[in-house]
Structure formats: C-alpha cells, structure tokens
Amino acid sequence: MKQQSTKENIYSLTGFGKVFRFTFMQTLKNKSFIVTAIVMILMMGMMKPLMYMMTKSSESAKQRTEASLDNVEADNLIVYNETKYQFDTAMESVPDMGNRPKNAIKSENVKFLNSADSTRDKLLAGLGEKDILVIITPVGTTYEINGIIADDSKVSIKSLDRATEYVEARFKAFRQTQMKLDENALKSLASGVTTGSVLSEQEYKDEKNQTMSAGEYNGLVLGFSMIVIIVASLAASYIITSVNEEKQSKLAESLLVSVRPMALLMGKVLGMLSFVACTIILGVCCAYISELIMTRVMELDLSNLNQGGVNFAIFTSHGVKGMIIQVVEIFLALCSFGVLSGILGSACGKVEDQQNATTVVTTITMLGYMGAILISMKPEYATLSALVPPLSFFTAPAAYIGGRVGLEILLLSFAIQIAILIGLVILAAKTYRNLLLSDSSKPKLSSIFAAAKY
C-alpha cells in the first residue's frame with residue numbers, strides 16, 4: 001500500500017477566506033484607517049473644485065498685475081505698433097491704478113504710436129537711458145512683442161519685462177475688440193502662446209509625441225505618487241503590526257493549525273487591498289459627482305482647468321483606460337509592499353523590532369517617491385524610471401498616460417513588477433511559517449533567507 005505524503009503544500013490557501021474577512025473588518029474598526037480614507041476621498045472629490053478656484057484666482061491676479069505699470073521704473077514707455085490693428089484714442093488712455101510707487105512710470109509718459117506716426121529706426125535712435133521701447137510686430141497671422149532698452153540703459157530687466165507684459169495685455173484686449181470675436185474665439189485667443197524652451201531636434205520630436213505639458217505631467221506624477229506612498233505606508237504599518245502581535249501573543253501558532261501560512265499572509269494583504277480599493281472607488285465617485293455639479297448645475301467651464309501642481313483628480317482626468325492602468329499599478333504596488341511587510345513583520349522578535357521593519361519598507365517607498373519626483377523633471381529618463389523598481393511603482397502609469405513611454409514599455413514594466421511580486425510570494429511561502437514560529441530578534445535579510453532553507 002502506497003504511503004500518503006504528509007508534506008505540507010507551502011502554497012496552500014486553506015483558510016484564506018477567514019483571514020481576508022477578518023482583516024477587512026479590522027480595518028473598518030481602525031480609526032486611523034477610517035480618518036485617512038475619509039481624507040483621501042474628500043481630497044479626490046474636492047480636487048477639481050479647488051483647482052478651478054486656484055486657476056481662477058491665479059488668472060485674476062495675473063490680469064491685475066498685467067494691467068498695472070506699478071512695478072515699471074522708467075521715465076518713458078513708447079509702444080510702437082506695426083500691425084494692422086491701429087491704436088485709437090481709447091487705447092492711448094492709461095488707467096490710473098491709484099497710489100503707485102514713487103519711482104513708477106507716470107501715466108502721462110506712456111505713448112502709443114502707430115507705424116504712420118514714426119519709424120522704428122528713429123525711435124531706437126532716440127532711446128534714453130531711462131526709456132523703454134516696446135515694438136508690436138506682425139508675424140504671419142499672429143504678432144510678436146519685443147521690449148527694447150538702450151545699451152547704456154538704467155532700466156532693470158524686471159521693469160522691462162513688466163512693461164512688455166502690460167503692453168501685451170492691453171494690445172490683446174484692444175485686438176479682441178477690433179476683431180469682434182465670439183465667446184469661443186475669445187477663449188482660443190486668450191489661451192495665448194507659451195515659449196521659453198530650447199530643444200534639440202530629437203527633444204522636439206519627442207515632445208510632439210507627448211500628450212500633456214510638463215506641468216500637467218508633473219502634477220500627475222505627484223498626485224499618483226502621493227496616493228501610492230500613502231496606501232503603501234498604511235498597509236505596511238498595519239501588516240507588520242498585525243503579524244508581530246500574532247507572533248508575540250502566540251496566536252500565530254493557533255492559527256497555523258487550521259490556516260496555512262500563505263493564506264494567513266495573503267489574507268492580510270488582500271484584505272488591506274480591498275479596503276484601499278473601496279476608498280479609491282468612493283473617491284472616484286465623489287470626484288465624478290463634484291464634476292457633474294460644476295458642469296451641469298453650476299455650468300462652469302473646465303476646459304482650461306490648470307493641471308499644474310499636485311492633481312488628485314487623476315482617476316477621472318484621463319479616461320477609463322487611464323483609470324484602469326493606475327488601479328493595476330496600485331494593486332501591484334500594494335501587493336508587493338504588503339508581502340514584503342509580512343515577511344519583515346514575521347522576522348521581528350519583539351514589539352520594538354516593528355519600527356526597524358517599518359523603516360525598511362518606508363525607506364524603499366520614500367526612495368521611489370523622491371526618485372519619481374526628481375526624474376519627472378527629466379523626460380530623457382522616463383523609460384528608465386518606468387522599468388526600474390521601486391521607481392516604476394510610482395512613475396510607470398504617469399509616463400504612459402503622459403506620452404513619455406509607449407504601451408510596450410508599460411507592459412514590460414508591469415511584467416517586471418509581477419516577477420518581483422512572484423519572487424516575494426515564493427520567498428514568503430518558504431519562510432513565513434518558520435519565521436512566525438522562530439525567536440529571531442531582528443528583521444535581518446540573513447535570518448529571512450536562512451529560514452527559506454528549511
């Protein structure tokens with residue numbers, strides 16, 4: 001008669017359901033998790049309204065600044081117009097902004113000239129050391145504005161820039177009035193043109209393939225990275241504490257009678273992941289509701305919403321595909337950091353060791369987070385950051401959504417992360433029982449790999 005093998009299947013998930021349900025319910029009873037979840041849901045839901053208000057406030061402040069000559073220290077400002085939009089008496093009236101600084105240019109010393117009134121050469125030859133000349137030149141269907149000062153000028157670059165910005169704002173408003181544009185055309189014209197970058201030929205080609213600006217991309221990286229680091233840190237702290245408490249109380253020995261080691265660990269990890277998933281889903285719903293209120297009820301225009309800065313509306317701003325990619329990344333990140341936390345927690349010998357184990361996970365996540373922020377400013381490193389863990393946990397979705405990398409790089413990044421997760425799961429399967437039942441004093445790599453040999 002063939003003898004039945006009594007060797008335990010280290011990958012068995014017997015008892016997974018019990019651990020999963022218990023972990024999920026415990027997170028619902030944990031006040032810190034509930035408070036964090038509520039804060040995250042509110043942040044996701046209120047981000048677009050906050051961004052809208054910040055954008056409007058910024059635009060108003062810019063308009064107020066542009067419409068003033070308060071920061072322009074000069075004797076004379078001559079505006080020379082070479083375009084077909086000729087100045088009239090209304091344009092020549094400079095508004096009095098009230099109590100202006102003592103050294104600011106006087107309103108009566110601002111002159112608006114058309115091409116019929118003088119010549120460029122004559123104006124350049126007559127520039128004094130405290131004069132500013134701003135020339136408006138037609139370029140195709142648009143125009144170019146250049147601020148000029150004398151070679152021996154005593155006018156600061158700041159005053160020159162402010163004068164140029166003032167003329168641009170005044171001429172734009174004057175031009176809109178003469179063109180008699182409708183509302184949509186005015187919005188298109190007001191969007192303006194941004195300059196200021198010096199690109200190589202290859203950089204120019206790469207930038208053309210990108211689907212969002214540098215500011216939008218940095219906002220996406222910051223928002224997504226912050227969500228990953230928050231949920232990863234919370235999960236790591238909970239899992240390490242839970243595992244070590246069970247080990248210290250000898251509860252783990254009782255649990256392992258009816259629950260397999262892998263089921264005990266994966267139940268904790270996926271139970272925590274479910275809590276995070278519920279938080280994200282509620283946050284997405286809250287974001288959609290706030291957007292509907294803004295667009296349908298309040299009838300606000302969100303088309304020019306500034307996406308620079310931290311953006312927590314990331315799950316609703318990039319379509320269904322973007323949301324799926326980000327959720328997959330969060331799942332992989334949380335599983336990987338969760339399994340690692342479980343292994344480190346099981347290697348702790350006393351309560352005091354929890355801090356050491358938590359520090360290891362926190363260090364890894366912080367390296368990924370800080371690296372993601374720094375590398376997001378360097379588009380040439382987008383592919384590298386999307387493929388190299390732990391950076392890839394924080395940057396891969398943003399790099400793809402932002403057009404910095406293609407689908408093949410994103411899939412390769414996911415494949416590498418899955419391979420790492422599988423490696424951690426195998427290590428956990430071989431070590432979790434032995435570490436739980438051992439009296440190891442510190443979460444050292446040597447003790448973890450030693451346990452895998454048994």
Side-chain angles (χ1 to χ4, degrees), residues 197-233 235-236 276 280 307-315 317-319 321-341 359-424:
S197 297
V198 180
L199 304 174
S200 67
E201 181 181 356
Q202 185 59 46
E203 288 172 336
Y204 175 78
K205 293 179 180 178
D206 292 341
E207 189 172 272
K208 287 297 181 182
N209 294 326
Q210 296 173 4
T211 59
M212 60 177 63
S213 67
E216 293 172 338
Y217 177 65
N218 290 337
L220 176 59
V221 172
L222 282 169
F224 183 76
S225 297
M226 288 186 71
I227 289 177
V228 171
I229 196 170
I230 288 171
V231 298
S233 299
V276 173
I280 293 175
Q307 296 293 327
V310 182
N311 178 14
F312 286 104
I314 55 178
F315 294 101
S317 299
H318 308 290
K321 183 172 71 172
M323 182 175 64
I324 292 174
I325 290 171
Q326 292 173 87
V327 170
V328 169
E329 183 62 85
I330 290 176
F331 175 83
L332 291 173
L334 190 54
C335 284
S336 299
F337 288 121
V339 174
L340 176 62
S341 300
T359 299
V360 173
V361 181
T362 301
T363 300
I364 296 174
T365 56
M366 284 302 298
L367 286 174
Y369 173 71
M370 297 302 296
I373 295 175
L374 294 174
I375 290 181
S376 67
M377 303 176 186
K378 303 287 185 180
E380 62 269 25
Y381 297 133
T383 300
L384 179 67
S385 64
L387 293 177
V388 178
L391 294 176
S392 58
F393 291 111
F394 298 87
T395 62
Y400 174 73
I401 294 171
R404 270 59 177 176
V405 300
L407 180 61
E408 65 281 358
I409 297 297
L410 177 67
L411 294 177
L412 179 58
S413 176
F414 283 165
I416 293 173
Q417 294 175 38
I418 291 172
I420 292 174
L421 176 58
I422 292 173
L424 289 172

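Residue numbers count from 1 along this sequence. The figures that follow rest on heavy atoms only: side chains count, while hydrogens, waters and symmetry mates do not. Nothing here was measured: the structure is a model prediction, and the numbers come from that model.
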As an exercise, state the distance from [atom1] of [X] to [atom2] of [Y], rounded to the nearest 0.5 Å.
X	Y	atom1	atom2	answer
I364	F393	CD1	CZ	9.5 Å
L412	T383	CG	OG1	10.5 Å
C335	L340	SG	CG	12.5 Å
L411	I418	CG	CD1	9.5 Å

Exercise. Is it true that a side-chain atom of Q326 and a backbone atom of G322 form a donor plus acceptor pair closer than 3.5 Å?
Worked result: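 Indeed, once roles are kept as given, a pair shorter than 3.5 Å links the two residues.
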
For this session: State whether the side chain of T395 and the backbone N or O of S385 hold a donor-acceptor pair below 3.5 Å, judged by distance alone.
Result: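 It does hold such a pair.
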
Heavy-atom closest pair, residues [X] and [Y]:
X	Y	value
A396	S413	CB-OG, 3.5 Å
V221	A398	CG2-CB, 3.6 Å
A232	L334	CA-CD1, 4.2 Å
Y400	K321	OH-NZ, 3.3 Å
I409	L387	O-CD2, 3.7 Å
A236	S341	CB-OG, 3.2 Å

For this session: Output, in order, the C-alpha distance, side-chain angles, deciding distance and verdict of side-chain contact (heavy atoms from CB on, under 4.5 Å) for I330 and F224.
Result: CA-CA 9 Å; I330 290 176; F224 183 76; 3.9 Å; yes

If you define the side chain from C-beta out and look only at heavy atoms, does anything of [X] sit under 4.5 Å from [Y]?
X	Y	result
T365	P390	no
I416	S392	no
I325	F414	yes

For this session: Identify the residue among L367, I229, I375 that makes a side chain to side chain contact (heavy atoms under 4.5 Å, CB included) with F394.
Result: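 Of the listed options, the one satisfying the test is I229.
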
Problem set entry | side-chain hydrogen bond (donor to acceptor under 3.5 Å, both in side chains) partners for S225, two or more places apart |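 Per chain and number, S225 pairs via side-chain hydrogen bond (donor to acceptor under 3.5 Å, both in side chains) with no residue.
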
Exercise. Is atom OH of Y381 surrounded by more than 12 heavy atoms (other residues, nucleotides or ligands) closer than 6.0 Å?
Worked result: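 12 or below, so no.
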
